[in-house]
There are 2 protein chains.
Amino acid sequence: MSFIKSSSSGKPQVQKNIAFCTLLGGLLPDDDILITDLFNHFDNKVREQEKSISREALSNVHGDWYEWLLAIAAWNYTAENPNANLALLLPNVIQFDVSTLYVERLNKLIDDLRNKVITVSGVQLITSNPDFVIVNRDLVNQYFGNIEPITKISTTSLSNLETMYQRFINKCDYEQIEGYISVKTSLRPDRRLQIPHEGSLMKALYAHLQTREWITNPKGLKYYAIATRMTPPDRSALKTVATHSLTTVFSLPQAAVDNVFEVNSLKQAKQAFSSILV
Amino acid sequence: MSFIKSSSSGKPQVQKNIAFCTLLGGLLPDDDILITDLFNHFDNKVREQEKSISREALSNVHGDWYEWLLAIAAWNYTAENPNANLALLLPNVIQFDVSTLYVERLNKLIDDLRNKVITVSGVQLITSNPDFVIVNRDLVNQYFGNIEPITKISTTSLSNLETMYQRFINKCDYEQIEGYISVKTSLRPDRRLQIPHEGSLMKALYAHLQTREWITNPKGLKYYAIATRMTPPDRSALKTVATHSLTTVFSLPQAAVDNVFEVNSLKQAKQAFSSILV
DNA sequence: CCGCACCGGTGCT
DNA sequence: TAGCACCGGTGCG
């Protein structure tokens, strides 16, 4: 099946989801297959169909492909482990404001803060949406029946994964959003800093809720990063301090990113999720 | 003169500095020339010499070209305005630790903080180096004689600009580093967030020095961003809060980036620097 | 059509 | 050699 379509301007365009399902043949790759090898192979197939596809188009596509593979791996891990939390894909920040996952009481506190800082100082609270939110399993059990593993990969199953978060809008109490995950196929010294920014801001908001709700010993919001390759400098940079914790007298300095994982196969994905989803 | 050389692996490579000087003919472009147009034109010239040069290579090159144009514009602005501060190019974080610009007393306080957070929490204080540091004019006057405008652009003048910061190592007291500037030819919603991260971290360090030195009304560290194009969402995202200021009781929420400028010509550069360099 | 968030190939030290 | 910091062309809602 063809996964190249003509855009409105007539330029050939890769349809990510159709390409993904077609090239995988509807099945998950073997546990030990290197994801980087897999994507290289897929790139060749894409260019066999349409050689004018640019490297940047493939970059764009790899991002979603990697997120989808991990989304399926996470889902299946949760399906197989009754106590595991659930990691859900999130859309971009224009389409969805993550803080609306919280129950209205908390959501309103974040709104208050947003309004306060903009009025008082003309300042914003902006970051890109994290790739995944981790939702507590007890909450998941309230809103899903049995979680069935995904074995057939189709555009419908992808679309399900991508809209699943909607079931949790206004449903999460303070400790029911366990954390977030940022996912990148590759890192660069500049690009990787987007992750601590995101982690810092989400944790500062969490700290704000803590203060407003007079919570004394919160379990903490977790922030994770996953990439097909993690060098020591990558790990080090991601462990940068969440700056709000530097000036908060009550608490120890806290990392913007709690833990990082090199995931270049589904086997490594399982290992990572066994740590991330508890 | 040729500005393409063969790398060790035999691949043709653009020599940024030689290309820049050659293509400019050693002279600054007219005040109203659009920098994006200029670079487009230069790209064509580069590819006339060597058509295998990749788009990513040109991306890399544009970054330094833009920084150099602005470095010259900033230098000349300071040369022509006796009260203006000076903006100096900085090398990357491996080559130079920005905090060593501070006098040893302050530098040591930052070192202490670094050691404390790593020992106590295993956490780092990492960001990429800002593109420019802004040094107070009084200090500049101590270490330079008359500042002469740059009119001839050569590899030597570029190299001078790039090493000028060395004169200020261990020379800056608390209020003599006025701020930093981050410079990008173009932004993306993900890439632009590197800037608030950098701004946040530098401001948190400044706040730490303030606390340790018992300074009551500091004038504040400024962080600026410059790009050839700034959309409203860009401006908004860059005005994100420096997270440490959210949880500091004493102070108002503070933006990670104080002001942003669209600079796509030397004329606009002058306007920007007339605001940035006071 | 714009905004989001994607990332891989660089010149240089 | 590896690490830094560069950015422009995307698929999609």
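Naming convention: chains lettered A, B, ... in sequence-line order (proteins, then strands); numbering from 1 in each chain.
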key: Side-chain touch B/Asp234/B/Arg192, heavy atoms, less than 4.5 angstrom   = yes

The side-chain contact (heavy atoms from CB on, under 4.5 Å) partner of B/Arg235 among B/Val257, B/Val260, B/Asn259 is B/Val260

Starting from [atom2] on [N], measure out to [atom1] on [X] and report it in whole angstrom.
| X | N | atom1 | atom2 | answer |
| --- | --- | --- | --- | --- |
| B/Arg192 | D/dC6 | CZ | P | 16 Å |
| A/Asp131 | C/dC4 | CG | C1' | 12 Å |
| A/Leu193 | D/dG3 | CG | P | 15 Å |
| A/Phe96 | C/dG3 | CZ | C1' | 18 Å |
| A/Ile94 | D/dC12 | CD1 | C1' | 13 Å |
| B/Phe42 | D/dC7 | CZ | C1' | 18 Å |
| A/Tyr66 | C/dA5 | OH | P | 19 Å |
| B/Ile126 | D/dA5 | CD1 | C1' | 15 Å |

*Side-chain ion pair, A/Asp258 and A/Lys203, N-O less than 4.0 Å*: yes

Quick tally for nucleotides 8-13 of chain C: nucleotides whose base has a protein heavy atom under 4.0 Å get B, sugar-phosphate-only ones S, the rest -, giving BBBBSS

- Using atom types as modelled and distance alone, determine if a side-chain donor or acceptor of B/Ser159 lies under 3.5 Å from a backbone N or O of B/Thr155. no

Hits for side-chain hydrogen bond (donor to acceptor under 3.5 Å, both in side chains) against B/Thr228, two or more places apart or cross-chain, chain-then-number order -> none

When every non-hydrogen atom of A/Gln15 is compared with those of A/Ile4, the smallest separation belongs to NE2-C, 4.2 Å

